[in-house]
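Nothing fancy with the numbering, it's 1 onward along the sequence.
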Amino acid sequence: MPASAPSEGAADRVIWDRAETLPRDQLEALQLRHLRSTLARVLRGQPFGAERLAAAGITAGGDIGSLADLSRIPFTGKADLHANYPFGLLAVEREQLVRVQASSGTHGKPTVVGYTRGDLETWTELMARCMTMAGVRPGMLIHNANGYGLFTGGLGFHEGGERIGATVVPVSGGFTARQAMLLRDLGAHVLVSTPSYALAVAQALAESGGDVASLPLRLGLFGGEPWTEAMRGQIERALSLRAVSFYGLSEMCGPGVAAECPARTGLHVQEDHFAVEVIDPDSTHRVPPGTTGELVFTTLTKEALPLLRYRTGDIGCLADAPCPCGRTTVRLTGLRGRTDDMLIVRGVSVHPSTVEHALLGAGGVAPHYRLIVERPGPLDELTLECEPDGTGEGPEALRVRLEHLLREHTGLRINVSVAEPGTIPRSEGKAVRVLDRRAGA
Ligand SMILES: [Zn+2]
């Protein structure tokens, strides 16, 4: 039998690094110092960035007098990484990289990122920090179902867990029935995966028999794709655990950029390593805390691949009120996935998360769904494919109810197609929720 988990008595108060609780004035002084040395590194070692800085009148780190001067620095974006694929934005010699990872990119090429030994050390510390904040403790058994490979979710959580002194099982993604068997047999306390894959694992656990609530599993660390509070509720009920949200992107380091503390007031940004801004994506002007916009990050300590004011395309907002956990860093709230995930159907914009929220709040449906956009005639047609969960009405009555509900929530007519249970493809990593079959899409 698996041993019981280490005690979580005063678990909520454990803080990995004192940088997390620095008074704001000290934190901001540290950020400014790091920003200046990052600028110096870019000017010295990254010709692309140096040219842009020079054009903006910045030729030395000292040209930036305060954090407010961040707005003088030009933005970078995914297109810049693509144009400099694969190694054109390195600020060090390629030989100084000890690891390369990648994420899905644009134009059919991945977004390739590199790490020096120092970068890997920083990333490992950031992961240990965030996982401690989430509730991971030495001795806990972590079942890591994130893909091991170019995706940063696998190795990132792996090294963070080892640094804490937890026991990490590098299961990687796929073979869902085997995931369920290992979770049960090894007695995992912590599951790491994407939110959508957690639901597939939950289903496999339920099908393999026995009471999920009696397992030692009590914590889930989820990231890699946007998810709603409704989805969090589904996962917590299905797996009988506390689900914690992680945010990151490979361009910054991978996961470890921000994560939730037990107070659930948003995801604390690791601000001593990343400066965060929220901008209006159209005007590109900075917006104040509490206003939703596009997240922009500047790396403050990255050696291999410093990125200045990187436009993530992710939508969210900042909360800067004091957090009961004692950490002084700002939090990300209202994360809604990417600006370019927004669907424009018959001239009306709708975000998939709005549909997910309405669907999962409706009752009677399983948390597996797809949105399909087509243009069979002159007009777009949006269809939601979903499955009944067996607790509600028949398929036809469910279809009618959902169509009415979705129209109320989105202002759009959305066709609902109720599929046989188990027929919508399950994700083994990042879920594909939207199929755009319009010509040219
Ligand atoms: Zn907190």
Side-chain angles (χ1 to χ4, degrees), residues 1-5 134-135 140-147 153 157 169-225 227-246 356-370 384-395 398 402 417-433:
M1 284 295 289
S4 65
M140 282 187 174
L141 195 132
I142 301 174
H143 178 112
N144 188 358
N146 275 342
F157 282 95
V169 189
V171 188
S172 196
F175 305 103
T176 310
R178 194 178 66 130
Q179 302 265 358
M181 180 189 75
L182 286 171
L183 262 174
R184 206 182 278 284
D185 292 354
L186 274 56
H189 307 111
V190 184
L191 169 66
V192 178
S193 71
T194 57
S196 55
Y197 194 52
L199 287 167
V201 171
Q203 190 182 350
L205 267 175
E207 284 166 0
S208 69
D211 180 15
V212 175
S214 67
L215 297 176
L217 193 60
R218 85 268 321 269
L219 194 57
L221 314 183
F222 304 119
E225 64 189 13
W227 51 315
T228 57
E229 282 301 315
M231 175 74 87
R232 191 210 296 259
Q234 294 267 4
I235 293 171
E236 292 195 325
R237 282 190 296 279
L239 284 168
S240 187
L241 50 66
R242 188 159 60 83
V244 183
S245 183
F246 275 65
E356 178 180 302
H357 184 79
L359 177 73
L360 298 186
V365 279
H368 307 283
Y369 70 94
R370 288 198 301 188
L384 173 82
E385 270 186 12
C386 63
E387 296 175 8
D389 70 357
T391 64
E393 66 269 69
L398 179 63
L402 288 177
S417 159
V418 178
E420 287 291 315
T423 53
I424 292 175
R426 296 328 192 222
S427 117
E428 295 196 345
K430 296 193 187 205
V432 178
R433 300 287 198 201

Between atom [atom1] of [X] and atom [atom2] of [Y], what is the distance when rounded to the nearest 0.5 Å?
X	Y	atom1	atom2	value
Met231	Leu359	CE	CG	9.0 Å
Gln203	Ser208	CD	OG	11.0 Å
Ser240	Arg218	OG	CZ	10.0 Å
Leu215	Leu217	CG	CG	6.5 Å
Glu356	Leu384	CD	CG	10.5 Å
Tyr197	Thr176	OH	OG1	3.0 Å

Problem set entry | Candidate pair Arg242 and Glu236, rule side chain to side chain contact (heavy atoms under 4.5 Å, CB included), full reasoning | CA-CA 6 Å; Arg242 188 159 60 83; Glu236 292 195 325; 4.0 Å; yes

For this session: Please check if the side chain of Glu385 supplies one atom and the backbone of His368 the other of a donor-acceptor pair under 3.5 Å.
Result: no

Exercise. Can Val365 and Val418 be said to form a side chain to side chain contact (heavy atoms under 4.5 Å, CB included), step by step?
Worked result: CA-CA 9 Å; Val365 279; Val418 178; over 6 Å; no

Student check: side-chain heavy atoms of [X] and [Y] closer than 4.5 Å:
X	Y	result
His189	Leu219	no
Thr194	Trp227	no
Ser193	Gln179	no

For this session: Could you walk me through whether Ile142 and Phe157 pass side chain to side chain contact (heavy atoms under 4.5 Å, CB included), step by step?
Result: CA-CA 9 Å; Ile142 301 174; Phe157 282 95; 6.0 Å; no

Exercise. Which heavy-atom pair separates Leu402 from Ala362 by the least distance, and what is that distance?
Worked result: CD2-CB, 3.6 Å

